[in-house]
Amino acid sequence: MKITTWNVNSINVRLTHLLSFLETEKPDVIGLQELKAPNDKFPLIEIEATGYHVALNGQPTYNGVALIASQPIDDVVLDIPGFDSDEKRVIAGTVAGVRVVNAYVPNGQNPDSDKYQYKLRWLVAFTAYLQQLSKEYAQLIVIGDFNIAPADDDVHNPASWKGKILCTDQERAAFQKILALGFLDTLRIEAKPKGTFTWWDYRQGGFEKNSGIRIDHLLSSKVLGRRYQSSMVHLDYRALERPSDHAPVSVVFK
DNA sequence: ATGACCGGTTGCACCGGA
């Protein structure tokens, strides 16, 4: 079972890349973030024509998440239950017995901003939600754009990123709090080359220089983790013409 | 130090992204 996370930075601009990914990589589940489209502007017909199932939580302009799966998506839940917000950042569903939570964590802009405080509050609510889910589901995975580089190894230039948004101690502590619920950072189960990243700035040839950071994650429950086979960053999709600034990232289970 | 590249729009300049 292959599960993929991908911040597409506009589903309509990235549709051809997505269709190519579905055909070539044949993921069982893919969680998309930053659709930047309301549900009625999502290219549902084109994607369902491939035989994949779709569950949507879109909004105009910003945010927006979706689950796409080779088998039916059951018990779909949108957003963080009980957390008051209009931002469409979370969608959860069950595919082939695995509960998949797909999230687009707020960026936070900079550590002095109100958006940063919102990010920290959002993470507290999200963590409580995941704690509840981990009691409910043994086969559980939370995937998405976390907008957190968990450690200095996840940043091309730790000195210049120190204390900056995505790398503050508070964000990293929030990430550790999620892991402490019993999740495995699947891309780190096996050793990966130094400089394994998932996002590269469009500016200044960030990808060509591998000036990246690792902020897209697939965190599995320990029970699901026993089925772990492999994980990978799909650099070839970041190298395409007119790419998203994020690469797809996958984990494969038995 | 600044802006650099994208996508979307309350659109031809801006905001948000990371």
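Every chain is numbered from 1, with letters handed out A, B, ... down the list of sequences.
- Within the nucleic acid shown, Tyr104(A) comes within 4.0 Å of sugar-phosphate atoms alone, with no base atom in reach, counting heavy atoms only.
- If you check the side chains of Tyr116(A) and Gln170(A), you find a donor sitting under 3.5 Å from an acceptor.
- A donor-acceptor contact under 3.5 angstrom links the side chains of Asn102(A) and Gln33(A), judged on distance only.
- Residue Ser10(A) has a polar side-chain atom (N or O) positioned under 4.0 Å from OP1 or OP2 of dG8(B).
- Here Arg242(A) does not reach the OP1 or OP2 of dC5(B): none of its side-chain N or O atoms lies under 4.0 Å away.
- Taking only side-chain atoms of Lys36(A), from C-beta outward, the nucleotide of dA18(B), dG8(B), dG17(B) with the closest atom is dG8(B).
- In this structure, CZ of Arg214(A) is placed 16 Å from P of dA18(B), rounded to the nearest angstrom.
- The side chain of Asn107(A) places an N or O atom within less than 4.0 Å of a non-bridging phosphate oxygen (OP1 or OP2) of dA18(B).
- Taking side-chain N and O atoms only, His246(A) has a distance below 4.0 Å to OP1 or OP2 of dA18(B).
- Out of dG7(B), dG3(B), dA18(B), the shortest distance to the side chain of Arg14(A) is found at dG7(B).
- The backbone N or O of His246(A) lies less than 3.5 Å from no partner atom in the side chain of Asn9(A), so there is not a single donor-acceptor pair.
- Counting non-hydrogen atoms under 4.0 angstrom, Asn63(A) reaches nothing in the nucleic acid.
- Across all strands shown, Ile165(A) has no heavy atoms under 4.0 Å from either base or sugar-phosphate atoms.
- Between the P atom of dT9(B) and the CG atom of Asn12(A) lies a distance of 10 Å, rounded to the nearest Å.
- Of the candidates dG8(B), dT9(B), dA18(B), dA18(B) carries the atom nearest the Glu34(A) side chain, counting heavy atoms from C-beta on.
- Using a 4.0 Å heavy-atom distance criterion, Lys115(A) is classed as a sugar-phosphate-only contact.
- Atom name C1', nucleotides dC12(B) and dA1(B): the rounded distance is 29 Å, in whole Å.
- Residue contacts shown for Asp201(A) are absent, as no nucleic acid heavy atom lies under 4.0 Å away.
- Between dA18(B) and Asn147(A), a contact under 4.0 Å exists linking OP1 or OP2 to a side-chain N or O.
- The phosphate of dA18(B) (OP1 or OP2) has a side-chain N or O of Asn7(A) nearer than 4.0 angstrom.
- Here dC6(B) presents its C1' atom at 14 Å from CD of Glu241(A), a figure rounded to the nearest Å.
- Judged by distance alone, the side chains of Ser20(A) and Glu23(A) never bring a donor and an acceptor atom under 3.5 Å apart.
- Between Tyr237(A) and His17(A), the distance from one ring center to the other does not fall under 6.0 angstrom.
- Counting non-hydrogen atoms under 4.0 angstrom, Asp145(A) reaches the backbone sugars and phosphates but no base.
- There is a side-chain donor-acceptor pair under 3.5 Å between Arg227(A) and Gln139(A).
- If you take CD of Glu87(A) and C1' of dG17(B), they are 13 Å apart, rounded to a whole angstrom.
- Look at OH on Tyr62(A): it is 5 Å from P on dG16(B), rounded to the nearest Å.
- Asp245(A) has its CG atom 14 Å from the C1' atom of dA4(B), to the nearest Å.
- Toward the 5′ end of DNA chain B lies the nearest nucleotide of Pro38(A), the other residue of the pair Leu166(A) and Pro38(A) mapping further downstream.
- Comparing the C1' positions of dT10(B) and dA4(B) gives a spacing of 26 Å, expressed to the nearest Å.
- Across dG8(B) and dG3(B), the matching P atoms stand 24 Å from one another, rounded to whole Å.
- Leu240(A) has its CG atom 20 Å from the P atom of dC5(B), to the nearest Å.
- Remark: C1' of dG17(B) and CD of Gln33(A) are 14 Å apart, rounded to the nearest angstrom.
- Under the 3.5 Å distance criterion, with hydrogens and angles disregarded, no donor-acceptor pair is assigned to the side chains of Asp216(A) and Asn7(A).
- Distances from the side chain of Arg203(A) to the nucleotides dG7(B), dG16(B), dG17(B) place dG17(B) closest.
- Comparing Pro106(A) and Val13(A) along DNA chain B, the residue whose closest nucleotide (by nearest heavy atom) sits nearer the 5' end is Val13(A).
- The separation of dG11(B) from dG7(B), taken at their C1' atoms, amounts to 12 Å, rounded to a whole angstrom.
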